[in-house]
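Heavy atoms only: backbone and side chains are in, while hydrogens, waters and symmetry mates are out. Per chain, numbering begins at 1; letters A, B, ... match sequence-line order. All of these numbers come straight from a predicted model, not from anything done at the bench.
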Amino acid sequence: MECIDYQDVDIFHSGHVACAGCVEALSLRVILNIVGQDAVAVVPPSCTAVICGIYPNSALSIPAFHTSLESAAATASGVKRALLAKGKPDTTVLCLAGDGGTYDIGLQSLSSAAERNEDILYICFDNEGYMNTGGQKSSSTPEGAATGSTPLGKTTRKKNLVDIMAAHRVPYITTTSPGHILDMKAKVKKALQIKGTKIIIVLIPCLAGWGVADDAGIKAARMAVDSGIFPLYEVEDGERYTVNQLARTQSVKPYLALQKRYRHISEEQVEQLQIHTDKAWQQLLLRADQQQ
Amino acid sequence: MSYTAKRLLLTGNHAVAWAVKRVRPHVAPLYPITPQTPILEKLTDFQSKGELEGTELLTPESEHSAMAACISASLTGVRVFTATSSQGLLLMHELLHYAAGARARIVLFNVNRTPASPWGFWPDQLDSLSQRDTGWVQLYSESPQESLDTTIQAYRIAELIGVPIMISHDAFYVSHAMEPVEVPSQQQVDEFLPPFACDHFLDPKRGQSFGAPLDQQNWNRSRREMAAAMARVFAAVTDAGKKWGETSGRDYAPLECYRMDGATTVIVTMGSMCGTAREAVDALQDKGNRVGLLKVRLFRPFPVAALKEALAGVSCAIVLDRNFSCGLGGILHQELKAALYGLKPAPKIHGLLSGVGGVNVSVNKIKQWVSEYAGAVPVNESLWVE
């Protein structure tokens, strides 16, 4: 059992409107705690946009601009450049986006911001689908998962955003999870020390969208990592791969069994998912090894 | 106070770039598109020579992202510029609504060009006119000098009222045509344009957020507040035009009445066609015809009261539209008819689709249309003419 030293500086307040048990709210609290008060947030439509509350309330003590779904990184670029022009280069500009606004409709503007190496911190709360609109598939939805738009299960695989953004040679891109709070804290701290485009993908098991119990968000996140289906790793400057948790302690089967979105899949499909996971894991290790 | 303005031979686009250099925006996100690109290139040229040092130039992957950056930069509390044309403006459409709703003080220069499909590059105002419900102030310019002067004035208006402003000039006829242009001195512009200031911006010290989800009542309220702001624009445009006249010797107003004293027939149009119409009016007046020109410079907010006043007592208005709203007709024609509804006596109004797609409209053509339509019975529809 990890004993976590945690002191809340209250950037993300109670009174937010996340679903009971939502681990995105927990992640927001942890991340903003590290980011601190000298920051401006850019929020495209997403669960975060709702969680932060309805006007005139805000669960954030930092200012946020609610931008359009496809524009988070471009919007953050505008804020950053304006702050530079005002002589405030140290204020953190961060995006708080979902996977729809990142993997799908926001990928173009993210790609451009990364190519320009804008000095922004981009957080993607990846709940593997359009959960705020009731649970439809995004390009982050993994194979086999049933969603509102893939009732029989998605037939194609989850997009590998880490590789895509690593190919942009961003100084820092990493994955983390609310089941690994120390890892999350360390990575946010690390990202804040780096100039340029930093991207953190946080796996957010969506209680309603994935069909997991109200108290099982953290458990699902840990199982995703322990099975290797969502490895914790980081890539620096597009070339230095580090796997943060090298132990794979379980197969994908119990992870899938925990979630209603996989309840329709056959043994063969489970087998197929295991093969894909194993192969991706080996590729990742190879990349990490090649650095040494 | 006298200033040393310099006279340069400039295209319309380069005249705009000179205006931008003088207003010194803090952030300028720009994306290339024909025929806007010379504005972008002149600005990057200025910067490469160290003449635009306080400006963060941002070159994103699309006009959509350019506008996204404009909005957020403006909300962070700085002066912003961007330029585009046609498809670029249309790609921005979603964010034009966003900008107006967020009360971003953006000045956008648009070069009027035909929207695809088919693919064309020709002067036509449909690109900007089809954005007329987005909540942006719209001004139309006739010449390179006017484009420069209007860009400078637009910042004063946008920052006073808290609205985004779009200025348009016609592709090639203005954007690429060279004319002698008087470029004001830096001091002259600095004295005309107060430093950027706004009370509310994205400030970590205050934590005020913008654009959060809200209920029906508050969305409704946001539109009422935008309406109240729009209602102040006519006076602000009038005032900025006068003040600029005091320092530059070139006066501007929301509408320009050219040789309308005693005119019984008035040509109504916007953009570069005003120059051609002006010549036609001169030629017709020389022969004793009582014909004038009403140039619409401010299109949004549509200056209804001023149009009624200008056209009261005129027996015939001939609207020349270089645009076409399919299923309705010429946009200026239709809007003018709506504006004059209830005016007694009202002029007979003819709407001529006269320059759609950038087809050339000559002085002789305008003279011919005046003789053809001045005494004719008008029809509801806009008419295709060549």
Side-chain angles (χ1 to χ4, degrees), chain A residues 11 13 17 35-45 49-50 52-88 90-93 105-116 118, chain B residues 24-29 31 53-80 82 91-95 97-99 101-102 104 106 196 200-215 217-219 221-222:
Chain A
I11 304 294
H13 302 272
V17 293
V35 169
Q37 183 62 41
D38 190 16
V40 177
V42 167
V43 186
V50 177
C52 290
I54 304 298
Y55 172 88
N57 300 312
S58 173
L60 306 175
S61 68
I62 57 170
F65 175 51
H66 293 256
T67 189
S68 69
L69 187 47
E70 63 279 48
S71 305
T75 305
S77 307
V79 174
K80 188 70 204 184
R81 298 301 193 94
L83 289 167
L84 289 175
K86 291 176 96 170
K88 294 181 190 296
D90 298 330
T91 301
T92 303
V93 179
I105 196 168
L107 185 60
Q108 175 173 316
S109 64
L110 176 60
S111 169
S112 179
E115 178 270 327
R116 298 190 308 274
E118 297 282 351
Chain B
R24 298 196 277 208
H26 303 98
V27 177
Y31 184 84
E53 279 181 333
T55 302
E56 288 281 335
L57 285 183
L58 183 56
T59 51
E61 86 299 342
S62 70
E63 292 92 348
H64 194 280
S65 283
M67 182 47 61
C70 280
I71 297 167
S72 61
S74 175
L75 294 181
T76 309
V78 299
R79 185 170 285 163
V80 177
T82 192
L91 184 61
M92 286 178 181
H93 173 75
E94 178 205 18
L95 293 182
H97 280 284
Y98 241 95
I106 300 164
F196 186 91
H200 303 279
F201 55 92
L202 292 162
D203 179 5
K205 288 200 178 72
R206 285 190 286 183
Q208 198 171 29
S209 290
F210 291 80
L214 40 58
D215 63 15
Q217 210 57 46
N218 277 307
W219 198 92
R221 198 184 110 201
S222 78

Can you confirm whether A:K86 is buried at NZ, in the sense that more than 12 heavy atoms of other residues, nucleotides or ligands lie under 6.0 Å from that atom?
yes
If the condition is side-chain contact (heavy atoms from CB on, under 4.5 Å), which residues does B:S72 pass it with, not counting sequence neighbours?
A:F65, A:T75, A:V79
For chain B, find which of A:S77, A:S68, A:S71 contributes the most heavy-atom pairs closer than 4.5 angstrom.
A:S68
Heavy-atom distances under 4.5 Å only: say whether B:I71 touches chain A with side chain, backbone, both or neither.
side chain
Kindly give the heavy-atom pair with the smallest separation between B:L57 and A:R81, and that separation in Å.
O-NH1, 2.9 Å
Against chain A, label B:D203 side chain, backbone, both or neither, depending on which of its atoms sit under 4.5 Å from a heavy atom there.
backbone
With a 4.5 Å limit on heavy-atom distance, are the side chains of B:H64 and A:Q108 in contact?
no
When only pairs under 4.5 Å are counted, which of B:L202, B:L95, B:L214 shares the most heavy-atom pairs with chain A?
B:L202
Non-hydrogen side-chain atoms of B:R206 and A:P63 separated by less than 4.5 Å
no
Name the member of B:P204, B:S62, B:A212, B:S209 that forms the most heavy-atom pairs with chain A at distances under 4.5 Å.
B:P204
Options B:S65, B:C70, B:A102, ranked by heavy-atom pairs under 4.5 Å with chain A, top entry
B:S65
Go through the atoms of A:I62 and report whether side chain, backbone, both or neither lie under 4.5 Å from a heavy atom of chain B.
backbone
Can you tell which part of B:P29 gets under 4.5 Å to a heavy atom of chain A, answering side chain, backbone, both or neither?
neither
Give, as side chain, backbone, both or neither, the part of B:L75 having an atom under 4.5 angstrom from any heavy atom of chain A.
side chain
Nearest atoms (heavy-atom pairs only) where B:R221 meets A:Y55
NH2-OH, 3.8 Å
So, using side-chain hydrogen bond (donor to acceptor under 3.5 Å, both in side chains) as the criterion, who are the partners of A:D90 when residues are at least two apart?
none
Find the distance between CD (A:E115) and CD (B:E61) and round it off to the nearest 0.5 Å.
9.5 Å
Can you tell me how far apart NZ (A:K80) and OG1 (B:T76) are? Round to the nearest 0.5 Å.
11.0 Å
Assert top hit (heavy-atom pairs under 4.5 Å, partner chain A, pool B:G207, B:G211, B:A69) equals B:G207
Side chain, backbone, both or neither: which part of A:A64 has a non-hydrogen atom closer than 4.5 Å to chain B?
both
Given the options B:V27, B:T55, B:V78, B:L58, which has more heavy-atom pairs under 4.5 Å with chain A than any of the others?
B:L58
